[in-house]
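Have a look at the structure below before the remarks.
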Number of protein chains: 2
Amino acid sequence: MTSLAEENYLKAIYKLHEKNGSMVTTSALAETLGINAASVTDFIKKIAAKKLISYQKSKGVTLTDKGRLMAINIIRKHRLWEVWLVNNLGFKWDEVHDIAEQLEHVVSDELIENLDKHLGYPKADPHGDLIPDAKGRFAKNTSKPLTECNPGDKVKFTGVADHSIAFLQYLTKSNIKLGDEINIEAVETYDNSFQVKINKKETKLLSKEVVKNLLVVQA
Amino acid sequence: MTSLAEENYLKAIYKLHEKNGSMVTTSALAETLGINAASVTDFIKKIAAKKLISYQKSKGVTLTDKGRLMAINIIRKHRLWEVWLVNNLGFKWDEVHDIAEQLEHVVSDELIENLDKHLGYPKADPHGDLIPDAKGRFAKNTSKPLTECNPGDKVKFTGVADHSIAFLQYLTKSNIKLGDEINIEAVETYDNSFQVKINKKETKLLSKEVVKNLLVVQA
DNA sequence: ATACATAATTAGGCTCACCTAATTTTATTT
DNA sequence: AAATAAAATTAGGTGAGCCTAATTATGTAT
Ligand SMILES: [Mn+2]
Ligand SMILES: [Mn+2]
Ligand SMILES: [Mn+2]
Ligand SMILES: [Mn+2]
């Protein structure tokens, strides 16, 4: 019924919509999926015929309610598996994405509900991304990039905007973990770097590239 | 490199060889895989070209060392996942096979080694089937069908010869579990049924169909 | 040994999910 | 508005893994 290709397309459309808003273009999909644009045009016609997306020729696509629910369900599975891999199997947060990319396609509602229960109904995955419930509902996300904060603010590190292995390993090396308290001591106007104190102990200097990829909530 | 189809063929060849000995025929493969014999002929030529099987035209196929190792690795993964599903996720032994059929194809050596460790290096799966180690080695299997035992024998129930959901559920309903002690009180010569005592408590009458599918070791 | 039944292979074709090259549509410059 | 660049689509084609129908090989019965 639902192929691997179809699931990957729906997820990619969902994520691109989330990132850029509005319509998802053929070229953006081709880029993220690593597939030729001509092939993408073919495929989106097929899933548009199945009412999973609505397709405006030469404009782009958006998910239908049905398609969105399917995309969210795959994301739910991906994130639950990532939690399991880190919390139960001892993987690091930079090691789990590719394995979860495979596990997310395993089909069994009972499996996912049992996994969710086994994990204690986690709210977020190892990267701080929120896990939707079985009906596709997300909790309200109150996080924002650290760049939007000011000297004197006390915040909590809750997620990453950049999921690359390089960034995750940089944070690990720098001893910065999800849940850490960050106090902003100063912002350098010349290069937009932040001087922060982590967990009231270590003082660190974070470049603007790092700061914009740290998601935080007001403590 | 290795496709889903290829893994399923190798596993099917391995299991048919284990069950019937000698060469595996095209028709046997077609039957177990639910694929047309003509398609099987096509496919076995391809994997023979890859040196995963040796193929004697119109006779049948056998696994090469390389192919056997790959088949055993898939079986290892299948059985480890089944252990996890039963021991950690709360599934019953009759519910896990189809999910494991999917999970066995997930590719990550690290994942499987971490799973094995997490499970405490189990020796057998929920149906009593032995789990090969990472190098493809099986422990010596000393079990035999209960049919081969005699009145007065004390044995331990260690595995099933029939993995069907119907048989597994029959055993569950009859309150017979892996590890149970079975004392053979009498064998009825008319219909080859066995009168047994389970765990020194309940006396039960088992038909010859049941008895031949119960694998036991001498206690 | 011949006839018949069964198993296996060959020949030709299909769908899925991709590709390249050519063409058309849309957006941006001049 | 015309020229140019970029994006999208159309046209035609490929390999993987399946199919059916026809043919050939093998095994069994007479
Ligand atoms: Mn991920
Ligand atoms: Mn994640
Ligand atoms: Mn199984
Ligand atoms: Mn099993």
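Considering only side-chain atoms of A:K46, the nucleotide from D:dT9, C:dA8, C:dA17 that sits closest is C:dA17.
Separating the CD1 atom of A:I44 from the C1' atom of C:dC18 is a distance of 15 Å, rounded to the nearest angstrom. Here D:dA16 presents its P atom at 19 Å from CG of B:L33, a figure rounded to the nearest Å. As rounded to whole Å, 10 Å separates atom P of D:dG17 from atom CD1 of B:I47. Here C:dT9 presents its P atom at 11 Å from NZ of B:K59, a figure rounded to the nearest Å. For the pair B:K50 NZ and D:dA16 C1', the computed distance is 11 Å after rounding to whole Å.
Under the salt bridge (charged side-chain N to carboxylate O under 4.0 Å, His left out) criterion, the residue pairs touching residues 49-66 of chain A are A:E6-A:K50, A:D65-A:R68, with sequence neighbours excluded. A ring-ring contact (aromatic ring centres under 6.0 Å, His included) check over residues 121-141 of chain B, counting only residues at least two apart or in different chains, returns the pairs B:H127-B:H163.
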Extract from the structure each pairing of a protein N or O with an N or O of nucleotides 10-14 of chain D at less than 3.5 Å, listing the distance.
unit_1	atom_1	unit_2	atom_2	d
D:dT10	OP1	A:K57	NZ	2.9
D:dT10	OP2	A:K45	NZ	2.3

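Proximity of residues 1-31 of chain B to DNA chain D (heavy atom under 4.0 angstrom from any strand atom) is restricted to B:S3, B:A5, B:Y9.
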Which donor-acceptor pairs under 3.5 Å do side chains of residues 17-26 of chain B form with protein atoms, sequence neighbours excluded?
unit_1	atom_1	unit_2	atom_2	d
B:H17	ND1	B:S22	O	2.6
B:T25	OG1	B:S27	OG	3.4
B:T25	OG1	B:A28	N	3.1

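The local environment of CG in A:D109 is sparse, with at most 12 non-hydrogen atoms from other residues, nucleotides or ligands closer than 6.0 Å.
Looking at A:E113 and A:R76, a side-chain N of the basic residue comes within less than 4.0 Å of a carboxylate O on the acidic one, giving a salt bridge.
The shortest side-chain heavy-atom distance between B:F43 and B:I35 does not fall under the 4.5 Å cut-off.
Taking CD1 from B:I72 and NZ from B:K77, the interatomic distance works out to 13.5 Å, rounded to the nearest 0.5 Å.
The side chain to side chain contact (heavy atoms under 4.5 Å, CB included) check on B:S164 picks up B:D162, B:A166, B:F167, with sequence neighbours excluded.
Comparing A:I35 and B:Q56 by the nucleotide of DNA chain C whose heavy atom lies nearest to each, the residue mapping closer to the 5' end is B:Q56.
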